[in-house]
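Read the numbers this way: they start at 1 and go in the same order the structure lists the ligands and their atoms. Each residue takes its place number in the sequence, starting with 1.
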Amino acid sequence: MSSIPYGRQDINQDDIDSVIAVLQSDFLTQGPVVIQFEKSVANYCSAQYAVAVNSATSALHIACLALGVGNGDIVWTTPITFVASANCALYCGAVIDFVDIDPFTCNMSVGNLAEKLIAAEKVGKLPKVVIPVHLGGQPCDMEGIFELSQQYGFKIIEDASHAIGGKYNQEPIGNCRYSNITVFSFHPVKIITTAEGGMAMTNDTHLAKRMRLLRSHGITRDDQEMTHQSEGPWYYQQIALGYNYRMTDLHAALGLSQMSRLNEFVAKRQEFVKRYDQLLASLPVRSLLQIEGCYSGFHLYVVRLKLSEINKTQRQIFEELRRVGIGVNLHYIPVYHQPYYENLGFKRGYCFEAEQYYAEAISLPLFPSLTIHQQDIVIAALKQALLK
Ligand SMILES: *Cc1c(COP(=O)(O)O)cnc(C)c1O
């Protein structure tokens, strides 16, 4: 039996042709296509600058560094995310902490953030950076988080790894209206793909420059940035400790080609979500509350089991679905459950709502090339598992 994954890429002949064209061109990396891809995403999102890198993880790292996160600084994120949203702070020597989620949207709760800030201010331990994550593509309450950032003086990195193609208050996610930097991921399960790849969006000239520097060894060829005069046409200077986080032109060509179908991909995801919502309405599950005025890219379709109405455990249902070839998944294990984080001192049960979520959540298959027939198979299997 062939199985239905929870997510997968959608590659067409145009995608293939554009990668081949780069293979036959002069530049495999550091060529013109990376710049074209950056322009395309910046235009789409109405952001001034886009910095393409080799993963969202790299983008999160250089975003933290560009905002000055260093030894002993404090960074907060949500526990219901991929580990990269928290690891980026640890790379910089910062201290990480977690703000519990809202029980309905399952994004970082602004109420909990406000309470935690009041407590942190009293002991002089305010965060330098807060990293909200748009879970499944649904934007966080960015106005609320932004207001608190003005009051308490922290910076904001939106981890929008799930969210390209979505809108917040009718405006594209990635325009950084309520954040300093927004990060996208182009991993194959995400909304568009470059195989591996990521991008950092900003409207701040200084941050854009800093991130460009850090993605390529901290090396500049710009006379303006050098500490002393050029010694000749060969000359470059390393003025910061950077990395090789560059995106290649091969990857960028795939991304640029995928951009032309971004709206179509999201529209298809939205259609499948509507259908899931309708056809699962009578079952003992609930989906994540969607906020009015927002348009989710729907990287994920998560349902939460109403366990008190079901005679089975989450694990039994999960295993039954996997057994019949439904590639369900769980996004996410609270980050502080990870042994690495336990070693930092975090205890199970740290965030109440995150624990509830983890005990109930299941991600169902959702991707543009899913068929109605496959979706019906998923729904029937879920019904069978829940009601039998
Ligand atoms: C996928 C993902 C990342 C990491 O993306 P990569 O491009 O694989 O490095 C970071 N944060 C979230 C929320 C993600 O889902």
Margin query: Is it the case that the ring center of F98 lies less than 6.0 angstrom away from the ring center of F346?
Written below: yes
Note to self: Yes or no: does S85 have any heavy atom under 4.0 Å from an atom of ligand 1?
What the structure shows: yes
Next item on the list: Check each atom of ligand 1 against the heavy atoms of V133 and keep those under 4.0 Å away; list them by number with element.
Entry: 13 (C)
Margin query: Parallel, tilted or perpendicular: which one describes the rings of H228 and Y235, with boundaries at 30° and 60°?
Written below: tilted
Checklist line | Which of the ligand 1 atoms, numbered from 1, are nearer than 4.0 Å to a heavy atom of A56 | finding: 4 (C), 5 (O), 6 (P), 7 (O), 9 (O)
Item checked: Interfacing atoms of ligand 1 (cut-off 4.0 Å, heavy-atom, F82) -> 2 (C), 3 (C), 4 (C), 12 (C), 14 (C)
Note to self: Which label fits H299 and H162: parallel for a plane angle under 30°, tilted from 30 to 60°, or perpendicular past 60°?
What the structure shows: tilted
Next item on the list: Could you say whether the N/O atoms of E196 and ligand 1 ever approach to under 3.5 Å?
Entry: no
Notebook entry, point to check: Centres of the Y358 and H337 rings: under 6.0 Å?
Noted result: yes
Checklist line | Contact atoms of ligand 1, heavy-atom distance to T81 under 4.0 Å | finding: 13 (C)
Item checked: Protein contact of atom 1 (C) of ligand 1 - nearest heavy atom, named by residue and atom, plus distance -> K190 NZ, 1.5 Å
Checklist line | Which of the ligand 1 atoms, numbered from 1, are nearer than 4.0 Å to a heavy atom of Y332 | finding: 15 (O)
Note to self: Just to be sure I'm reading this right: ignoring hydrogens, which of T57, D159, V53 gets closest to atom 11 (N) of ligand 1? Compare them by their nearest heavy atoms.
What the structure shows: D159
Check: Does any N/O atom on A84 come nearer than 3.5 Å to any N/O atom on ligand 1?
Finding: no
Next item on the list: Distance to 0.1 Å, residue and atom name: give those for the protein heavy atom nearest to atom 10 (C) of ligand 1.
Entry: S161 OG, 3.4 Å
Note to self: Tell me if the aromatic rings of F154 and Y152 count as close, with their centers under 6.0 Å from one another.
What the structure shows: no
Notebook entry, point to check: Is a side-chain N or O of S18 found less than 3.5 angstrom from the main chain of D15, in a donor-acceptor match?
Noted result: yes
Notebook entry, point to check: Do Y350 and Y336 have their ring centres less than 6.0 Å from each other?
Noted result: yes
Note to self: For I118, is there any backbone N or O sitting under 3.5 Å from a side-chain donor or acceptor partner on E121?
What the structure shows: no
Next item on the list: Below 4.0 angstrom from a heavy atom of S185, which ligand 1 atoms are there? Numbered from 1 as shown, please.
Entry: 1 (C), 5 (O), 6 (P), 7 (O)
Check: Do we see a donor-acceptor contact under 3.5 Å between the side chains of Q138 and S296?
Finding: no
Next item on the list: Check ligand 1 against G197 and write out every atom of the ligand that is under 4.0 Å from a heavy-atom position of the residue.
Entry: 7 (O)
Next item on the list: Specify the protein heavy atom at minimum distance from atom 15 (O) of ligand 1: its residue, its atom name, and the distance to 0.1 Å.
Entry: H162 NE2, 2.7 Å
